Student: 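Following this message is one structure expressed as structure tokens.
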Amino acid sequence: MAELLKKLWKDEEGQGMAKYIVIVIVLFIAIAGIIVVSGCGDDGDDAIDCTCSTLAEVAGQTGFWVGAAIADSEGDLEQKTIGVHFNSVTAENAMKWGSLAPSVGQYDFQKADALVAFAAKRGVRVRGHVLIWRDQQPADLEAEVLGADDPEARLRALLTEHIETVAGHYRGQVDAWDVVNEPMDRYGAQIDNNLFYQYLGEEYLDESFRRARAADPQARLFLNEYFYVHTPTDERVVAFRALVKRLLERGVPIDAVGIQGHFWGVGELPTRAAFEEMLSSFTELGLEVEITEMDVSRNYFPHAEDPFAEQAQVYADVFAACRTVPGCIGVTTWGMSDISTWLDRNEPFSNYAPHHPLLLDTNLQPKPAYYAACEVLLGCR
Ligand code: XIL
């Protein structure tokens, strides 16, 4: 090689060309050297740093929301977790109609305001949950409607007033609202025959979203629902998607779909591929999508040698499915740690407690599921 270079360099006739070739070769060797030293172009694992600092930090860096629901009674748990492990919060109960107004029209925003102020202090996002829902309503809502001369008009007025009052109160402070929760029948594949549907028909959804948009034009507006089977072809998913399409066709201002994701120990666990297809089937409609209430009971794996490793795989699958689908913007777990989960408190799930379904254990230590989720966000899993 050296002999050849010397010869080319000295070659009188082709001197210009020879020098040119030598310069190109030297440059090539130099650039290759720089690439090797900097590790750039290395296809090995050391190209990516797979160390999880904290979930909130990694989520923040990758433009993703990892949230937790905060219950009313959790003392200073949120001080240790929100903004550290989670960059988004949802009020587990405090923003529900019956919590804000135990009796129709009697609003008390104290608890919910405290949560929103805390979130602002920590610099985390707030998901508003929920404006209109069949459950956890003011104790006298139904009697108030049924007792009115014109129940339909009364219910319409109450729905309007509630949305304007609450979404107006938090205008600019809440990034997203679950405008309507669980519009589907509890078990079936048809729309739920709740009080709103009985008097206002399917248009109660249109009305709710329009009022929410007017009250807080910046907030992302969600329709939130749970499913038993997480595939795009499941009957309940198909019926829900048809409902969403009808809303879009009517020009209803809906921005996103929330998939709750409660895996409480009974029913099918999701597979990554089917979950991904299901999420895509909503983003293909031009909507965003988010997993809004995830938990995975340890009870799915009673005989596993390491149930928490199995649980971690389910979390990894859901996070990975969401990361893969453009327009899937985050995952919120329904609780901050295994110290407190609605599955251990609420029937019928509490009959199978303890569920240990979340990302932090009862000592607030990150579980395998936490690291699995983090590794997915880092691109390492
Ligand atoms: C649950 C809360 O976690 C409980 O504390 C409360 O007693 C009942 O509601 N789907 C939802 C949530 O959309 O609002 C529910 O939250 C859980 C199921």
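On a predicted model such as this, the values are computed, not experimentally measured, just so you know. Count residues from 1 along the sequence. Counting starts at 1 for both ligands and their atoms, following the listed order.
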Student: Can you check whether Tyr197 and Tyr199 have ring centres sitting under 6.0 Å from each other?
Tutor: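 So the answer is no for these two rings.
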Student: Scan Asn224, Thr333, Asp178 and name whichever one has a side-chain hydrogen bond (donor to acceptor under 3.5 Å, both in side chains) with Thr292.
Tutor: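 Of the listed options, the one satisfying the test is Asn224.
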Student: For ligand 1, which of its N or O atoms have a protein N or O partner closer than 3.5 Å, and how long is each gap?
Tutor:
from     : atom 1 : to     : atom 2 : distance (Å)
ligand 1 : 3 (O)  : Glu92  : OE2    : 2.5
ligand 1 : 3 (O)  : Trp334 : NE1    : 2.9
ligand 1 : 5 (O)  : Glu92  : OE2    : 3.4
ligand 1 : 5 (O)  : Asn93  : ND2    : 3.0
ligand 1 : 5 (O)  : Arg345 : NH2    : 3.1
ligand 1 : 7 (O)  : Asn346 : ND2    : 3.0
ligand 1 : 9 (O)  : Lys96  : NZ     : 3.2
ligand 1 : 9 (O)  : Gln136 : OE1    : 3.2
ligand 1 : 10 (N) : Glu182 : OE2    : 3.4
ligand 1 : 10 (N) : Gln260 : OE1    : 3.3
ligand 1 : 10 (N) : Glu293 : OE1    : 2.9
ligand 1 : 13 (O) : His129 : NE2    : 3.4
ligand 1 : 13 (O) : Asn181 : ND2    : 2.8
ligand 1 : 13 (O) : Gln260 : NE2    : 3.4
ligand 1 : 13 (O) : Glu293 : OE1    : 3.2
ligand 1 : 13 (O) : Glu293 : OE2    : 2.8
ligand 1 : 14 (O) : Lys96  : NZ     : 2.8
ligand 1 : 14 (O) : His129 : NE2    : 2.7
ligand 1 : 16 (O) : Lys96  : NZ     : 3.2
ligand 1 : 16 (O) : Trp334 : NE1    : 3.2

Student: Before you tell me yes or no, could you show the steps for Arg122 and Glu78 under salt bridge (Lys or Arg N to Asp or Glu O under 4.0 Å), namely the whole-Å CA-CA distance, both residues' side-chain angles and the distance that decides it to 0.1 Å?
Tutor: CA-CA 10 Å; Arg122 286 287 163 107; Glu78 62 268 26; over 6 Å; no
Student: Test of understanding: clusters of I, L, V, M, F, W, Y form through side-chain heavy atoms closer than 4.5 Å, transitively. Do Val229 and Phe263 belong to the same one?
Tutor: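 Val229 and Phe263: separate clusters.
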Student: With distance as the sole criterion, is a donor-acceptor pair present between the side chains of Asn93 and Gln136 under 3.5 Å?
Tutor: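 On atom types as modelled, these side chains qualify, holding a pair under 3.5 Å.
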Student: Answer with yes or no after comparing the ring centroid distance for Trp177 and His129 against a 6.0 Å cut-off, counting only values under it.
Tutor: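 Ring centroids of Trp177 and His129 are no less than 6.0 Å from each other.
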